[in-house]
Amino acid sequence: MDGHDHHLHHGPQGTMDPATTMSHGDHGDHGGSGDHNMMMQMTFYFGVKNVELLFASLVINTPGEMVGACIGVFLLAALYEGLKIGREYLLRRNQVNVRYNSMPIPGSDGTVLMETHKTVGQRMLSMAHLVQTVLHVIQVVISYFLMLVFMTYNGYLCIAVAAGAGFGYFLFSWKKAVVVDITEHCH
């Protein structure tokens with residue numbers, strides 16, 4: 001391969017040395033800048049050098065920067081969980097068109113029981129639905145950011161995503177309503 005440098009060398013902590021990673025500057029003009037010398041990590045590693053976080057200009061190079069990034073990612077994951085629960089709460093609060101449907105269910109002793117189902121909806125052209133839509137877009141963007149952070153394969157950042165999601169769920173979902181089917185008899 002003439003003119004191509006495709007050597008991959010890892011430093012002491014499994015991080016990539018930018019001077020020896022793939023260089024695409026010699027590939028000719030393909031419409032890109034040709035000066036991007038960092039390569040995406042494809043296995044989990046625990047390093048703090050040359051870790052790109054979401055944007056090319058956001059590169060982690062020191063332990064302090066990694067701690068700050070982990071705190072930010074932790075909070076973002078917790079916010080994501082809070083946003084999910086908050087949207088459920090707003091949806092329940094702004095429900096309209098409540099209908100109750102009753103259905104006969106045969107009982108175990110030959111009697112007939114009536115089971116009631118509650119059906120709810122909301123109006124498409126309402127402020128509540130507009131707020132739900134904006135919050136949904138924010139939730140989707142945050143979820144993709146968290147996925148991309150996890151795809152850095154940096155162990156510290158992956159742990160921060162998982163810990164933040166767990167903390168957010170613990171913090172926000174304890175009040176979440178749980179549907180219990182009283183006709184369920186399986187143990």
Side-chain angles (χ1 to χ4, degrees), residues 10-16 18 21 32-33 35-98 117-181:
H10 291 280
Q13 292 184 341
T15 59
M16 293 177 289
T21 57
S33 63
D35 61 354
H36 186 73
N37 288 329
M38 297 184 84
M39 191 169 133
M40 185 175 157
Q41 184 74 27
M42 297 302 289
T43 57
F44 288 101
Y45 69 101
F46 286 89
V48 296
K49 296 275 186 208
N50 299 320
V51 179
E52 282 188 357
L53 184 61
L54 297 176
F55 303 98
S57 61
L58 187 56
V59 180
I60 299 167
N61 283 309
T62 66
E65 290 173 349
M66 180 58 77
V67 168
C70 286
I71 291 170
V73 167
F74 178 90
L75 293 174
L76 189 64
L79 172 70
Y80 174 75
E81 292 296 325
L83 187 58
K84 287 192 321 186
I85 300 301
R87 284 189 57 223
E88 286 180 22
Y89 170 76
L90 288 175
L91 184 63
R92 281 192 307 270
R93 195 182 82 187
N94 294 310
Q95 292 170 340
V96 295
N97 301 330
V98 177
H117 296 276
K118 180 179 174 183
T119 305
V120 295
Q122 66 180 10
R123 293 186 183 97
M124 183 175 159
L125 298 176
S126 66
M127 184 56 80
H129 186 62
L130 178 64
V131 169
Q132 281 286 346
T133 302
V134 170
L135 291 176
H136 174 74
V137 170
I138 293 169
Q139 181 180 341
V140 167
V141 170
I142 291 173
S143 71
Y144 280 124
F145 277 179
L146 292 172
M147 177 197 65
L148 290 172
V149 168
F150 209 91
M151 286 178 61
T152 65
Y153 290 99
N154 183 284
Y156 300 121
L157 295 173
C158 291
I159 290 169
V161 169
F167 178 75
Y169 183 85
F170 178 78
L171 188 65
F172 297 111
S173 72
W174 67 275
K175 288 180 109 177
K176 186 176 175 179
V178 177
V179 177
V180 178
D181 186 0

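All values below were derived from every heavy atom in this structure, side-chain atoms included, with hydrogens, water molecules and symmetry-related copies excluded.
When side chains are defined from C-beta on, Tyr45 counts as touching Asn154, because their heavy atoms get closer than 4.5 Å. Side-chain contact between Leu53 and Val149: present, with at least one pair of heavy atoms (C-beta onward) separated by less than 4.5 Å.
If you run ring pair (Phe, Tyr, Trp, His ring centres under 6.0 Å) between Phe167 and each of Tyr80, Phe172, Phe74, only Phe74 comes through.
Residues Ala160 and Cys70 share a closest heavy-atom pair of CB-O, 3.5 Å. Heavy atoms only, all atoms of each residue included: Ile85 and Ser173 are closest at CD1-CB, 3.9 Å. In this structure, Ala77 and Ala165 approach most closely via the heavy-atom pair CB-N, 3.5 Å.
Environment of CE in Met147: crowded, with over 12 heavy atoms of neighbouring residues, nucleotides or ligands closer than 6.0 Å. Residue Phe44 qualifies as enclosed at atom CZ: its count of foreign heavy atoms under 6.0 Å is above 12.
Pairs of residues two or more places apart, or lying in two chains, never qualify as salt bridge (Lys or Arg N to Asp or Glu O under 4.0 Å) while including a residue from residues 55-68.
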Scan the side chains in residues 133-144 for donor-acceptor partners under 3.5 Å anywhere in the protein, sequence neighbours excluded, and list what turns up.
from: Thr133; atom 1: OG1; to: His129; atom 2: O; distance (Å): 2.8
from: Gln139; atom 1: OE1; to: Arg87; atom 2: NH1; distance (Å): 2.7
from: Ser143; atom 1: OG; to: Gln139; atom 2: O; distance (Å): 3.4
from: Ser143; atom 1: OG; to: Val140; atom 2: O; distance (Å): 2.7

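In terms of modelled atom types and a separation under 3.5 Å, the side chain of Asn61 and the main chain of Lys49 share no donor-acceptor contact.
Residues forming a ring-ring contact (aromatic ring centres under 6.0 Å, His included) with Phe145 (at least two apart in sequence, or on another chain): none.
Of the inter-residue distances, the one linking Phe170 atom CZ with Glu81 atom CD reads 13.5 Å to the nearest 0.5 angstrom. For the atom pair CG (Leu54) and CG (Leu76), the distance works out to 8.5 Å, reported to the nearest 0.5 Å. Rounded to the nearest 0.5 Å, atoms CG (Leu83) and CD (Glu88) are 10.5 Å apart.
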| task | Could you please spell out the steps behind the side chain to side chain contact (heavy atoms under 4.5 Å, CB included) verdict for Val73 and Tyr156? | result | CA-CA 10 Å; Val73 167; Tyr156 300 121; over 6 Å; no

